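Before any comments, here is the structure.
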Amino acid sequence: MVHTDTPRVRFAPAPSGWLHVGGARTALFNWLTARHGGGTFVLRIEDTDADRVTSESARGLMAALRFLGLDWDEGPDTGGPHGPYRQSERRPLYAAVADALREAGHAYEAFETPEELEAERRLARQTGLPPGYRGGHRDLTEEERAAFRARGRAPVLRLRTPDEGVASFDDVVRGRVEFAWADVSDFVIQRADGSPTYLLANPVDDLAMGIDTIARGEDLLSATPRQLLVHELLEADCLLDRALDHAGLPPRPSGPAGGSAGLRSPRFAHLPLLVGEDRRPLSKRHGSVAVDEFRRQGFLPEVLVNFLALCGWSHDGVRERFTVDELVALFSLDRVGRNPAYFDTDKLRALNGDRIRQLSDAELAERLAPCLAEADLVDSPPGAAQRRLVEGLAPLLRERIQTLAEAVPLVAWLFRETVEYDGRAVARHLRKGPAAQVLRASREALGELGEWTGPAILAALDGVAEGLGLGRGKTFQPVRVAVTGTAVSPPLPETLALLDRATVLARLRDAERLTAAPA
RNA sequence: GCCCCCGUCAUCCAGCGGCCUAGGAUCCCGGCCUUUCAAGCCGGCAACGCGGGUUCGAAUCCCGUCGGGGGCACCA
């Protein structure tokens, strides 16, 4: 082993403006690996494709990572000793590497147009041949290249792959994996416009930045041999070191292995794919897939982290509630499983509800406030009176919500001037039975009440029930519908105590007309 | 078509040759509690894809088979 004593890991997303939960899981596993080993977590933006926007679109991505608490030690905004951390700013390096690879004969110019290649692939598919590049321009002569150029064709650079032998590596989660080189066709490392492809930029930067562990999706498993090949070529003759120097970029971190020779390829851990309930890879069809959507729905970041950790990793198969600190302490990539991980939103909700029940009133109120503000129920930030109200609501809400957003319909009536009556609730609880008497008696009892507190209100309503010879159900429901407009609310007496008495009495009186209305 | 990966309750995870009449969680179904809704507590349902081996003994190892997924881009 020639790895450094503390891990250097990275999360290297293509910028897309938002963070997919799958990406978040990948980021988390890398982050946990870094934090567990007291190492360094690097954020690198892979924006080699000119068609995509850069600075702007990385913003949402970074905001989502921050929301989850996945902080990075080196990155586009924070900087660091091995930057820049945006591939679009490292073009000279890739160009230097590409040149060197070509000069050394490892890469060659290929002049086929995308259309020609597409036609070739179609043909291959029809004939049942593998669709990869057939190596048509592998050995063009200088004259042939000049001829293509003269016709105005710009070449891509392809890397020559071995014709025989096997590429093998030890994957942290899958064990030994082997590929026959004969099945790996020459691949493009530089586009016709001079930009590098992922297959070049990614391994170049991993080496240049001294990354020693790479956790990534299983979809990249079969790209690994090609990246290992690049690693190998970069190490040979100090090709990468010279290119870094040539591009004016900082030299790569030196491991404790010092001058000892040998390949310093990072170790790979290919994570099982995240799938939806239909067992297909998670996509937009499955509903929410963006971290930010889960944030808006009222999922707590520490719960998302806990849940995401469970997507592929397990500690002992029994315990599954972990704080972030516990995850940092216990996490290990070799406890990652090989089966697809089902992104089970039911389970996520259950975990979230559990966590909410652990929060103190003040903590829950704190978390609730932004959510209520987003629903326009309170100001952002809430005023002192609103804070008190939300904190008073916290204990009543705690056992009734799985996500913060679920609190909104439960308490909206407390914050609004007018009551919105639910037709079904009115029909069931106001139009039927002795609702009229109940409302009138309640209004009188509550009006005479000495103190406006939950217990006092409860006693008063019980008095009403007794006086009319009714059970609590028959009395509380009409009152509930009258005041809240719905048949479902947090416990009545305690909630009424949070509203001012005049409002409650007014609503009771207003509702009386509903009891008289014809069916 | 070729290559690679995967296969335990409905679902995820545990299991790494005997501790398994297979454990935990989510979902679902009962019951208790109850002012609605929840929460809580108690109980329940339910799995080693299939076929061959190896072994005294297999969910665990090997082979095959079937099934699922990923990849084979001038996308990452």
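For the numbers below, each heavy atom of this structure counts, side chains included, while hydrogens, waters and symmetry mates do not. Throughout, a chain's letter reflects where its sequence line sits, starting with A, and its residues are numbered from 1. Small disclaimer: the values here were computed from a predicted structure and weren't measured.
Proximity of A:Arg335 to the phosphate of B:C16: no side-chain N or O atom is located under 4.0 Å from OP1 or OP2. Residue A:Arg480 places no side-chain N or O under 4.0 Å from the OP1 or OP2 atom of B:C37. Distances shorter than 4.0 Å separate none of the side-chain N or O atoms of A:Thr197 from OP1 or OP2 on B:A76. Side-chain nitrogen and oxygen atoms of A:Ser314 include at least one within less than 4.0 Å of the OP1 or OP2 phosphate oxygen of B:A14.
Closest to the A:Leu221 side chain, of the nucleotides B:C5, B:U35, B:C72, is B:C5. Among the nucleotides B:G69, B:U26, B:G71, the one closest to any side-chain atom of A:Asp219 is B:G71. When distances run from any side-chain atom of A:Gln477 to the nucleotides B:U35, B:C37, B:U8, the shortest one goes to B:U35. Nearest to the side chain of A:Arg472, among B:C74, B:U36, B:U35, sits B:U35. With B:U11, B:U26, B:C6 as the choices, the nucleotide that has an atom nearest any side-chain atom of A:Tyr342 turns out to be B:U11. When distances are taken from the side chain of A:Ala350 to each of B:U35, B:C74, B:U26, the shortest belongs to B:U26. Here the nucleotide nearest the side chain of A:Arg158, chosen from B:U35, B:C74, B:G71, is B:C74. Closest to the A:Leu117 side chain, of the nucleotides B:C3, B:U26, B:C74, is B:C74. The A:Pro340 side chain lies nearest to B:C6 when the options are B:C6, B:C5, B:C74. The side chain of A:Asp183 lies closest to B:C3 when the candidates are B:U36, B:C74, B:C3.
As judged by a 4.0 angstrom heavy-atom cut-off over every strand, A:Glu112 is placed among the base-contacting residues. Looking at heavy-atom distances under 4.0 Å, A:Pro13 makes no contact with the nucleic acid at all. Nucleic acid contact for A:Leu348: none, since no nucleic acid atom lies under 4.0 Å from a heavy atom of the residue. Across all strands shown, A:Pro272 has no heavy atoms under 4.0 Å from either base or sugar-phosphate atoms. Across all strands, A:Val156 comes closer than 4.0 Å to base atoms (heavy-atom distances). Backbone-only engagement by A:Val318 is indicated by non-hydrogen atom pairs under 4.0 Å involving sugar-phosphate atoms exclusively. Nucleic acid contact for A:Arg357: sugar-phosphate only, since backbone atoms but no base atoms lie under 4.0 Å from a heavy atom of the residue.
Straight-line distance between the P atoms of B:A38 and B:C13: roughly 30 Å, to the nearest whole Å. Separating the C1' atom of B:A14 from that of B:G51 is a span of 27 Å, rounded to the nearest Å. A distance of about 28 Å separates the P atoms of B:C48 and B:C42, rounded to the whole Å. For the P atoms, the distance from B:C16 to B:G23 is 14 Å, rounded to whole Å. Atom C1' of B:A10 sits at a distance of 11 Å from the matching atom of B:C45, rounded to the whole Å. A distance of about 14 Å separates the P atoms of B:C12 and B:G69, rounded to the whole Å. Going from the P atom of B:G40 to that of B:A76 covers 47 Å, rounded to whole Å. Nucleotides B:G49 and B:C9, compared at atom P, are 7 Å apart to the nearest Å.
Shown are A:Val9, A:Val324, A:Leu327; of these, the side chain to side chain contact (heavy atoms under 4.5 Å, CB included) with A:Trp31 is made only by A:Val324. Exactly one residue among A:Arg349, A:Arg400, A:Gln297 makes a side chain to side chain donor-acceptor pair (under 3.5 Å) with A:Glu406. That residue is A:Arg349.
Looking at A:Arg400, its side chain comes within 3.5 Å of the base of B:C37 through a donor and an acceptor atom.
Straight-line distance from the CG atom of A:Asn339 to the P atom of B:G49: 11 Å, rounded to whole Å. For the pair A:Asp205 CG and B:A76 P, the computed distance is 13 Å after rounding to whole Å. Separating the CG atom of A:Asp193 from the C1' atom of B:C74 is a distance of 8 Å, rounded to the nearest angstrom. As rounded to whole Å, 15 Å separates atom P of B:A76 from atom CG of A:Asp206. Rounded to an integer number of Å, the gap from A:Asp171 CG to B:G70 P is 18 Å. In this structure, A:Arg121 places its CZ atom 14 Å from C1' of B:G71, rounding to the nearest Å. Atom CD in A:Glu399 sits roughly 4 Å away from atom C1' in B:A39 (whole-Å rounding). One atom, CG of A:Leu492, and another, P of B:A38, lie 17 Å apart when rounded to the nearest Å.
Aromatic pair A:Phe331/A:His315: ring centres not closer than 6.0 Å.
In this structure, A:Asn30 contributes its side chain and A:Thr26 its backbone to a donor-acceptor pair below 3.5 Å. At distances below 3.5 Å, not a single donor-acceptor pair connects side-chain atoms of A:Ser168 with backbone N or O atoms of A:Val177.
At least one cation-pi condition fails for A:Arg176 and A:Phe169: the charged atom is not both under 6.0 angstrom from the six-membered ring centre and inside a 45 degree cone around its axis.
The nucleotide B:G40 finds its pairing partner in B:C32, both defining distances of the Watson-Crick or G-U wobble pair being shorter than 3.5 Å. Base pairing analysis places B:G7 opposite B:C66; the two distances defining the Watson-Crick or G-U wobble pair are each below 3.5 Å. B:G1 is paired with B:C72 under the Watson-Crick or G-U wobble criterion, all donor-acceptor distances under 3.5 Å.
Heavy-atom nearest nucleotides on RNA chain B were determined for A:Gly312 and for A:Arg319, and the one closer to the 5' end corresponds to A:Gly312. Nearer the 5' end of RNA chain B, as judged by each residue's closest nucleotide, is the contact made by A:Ala180, out of A:Asp344 and A:Ala180.
Distance check, rounded to the nearest 0.5 Å: CG of A:Leu200 to CG of A:Leu159 gives 8.5 Å. Interatomic distance, CG of A:Leu499 versus CZ of A:Phe415, reported as 10.0 Å (0.5 Å rounding).
A pairwise comparison of heavy atoms in A:Leu364 and A:Leu404 identifies CD1-CD2, 4.1 Å as the closest pair.
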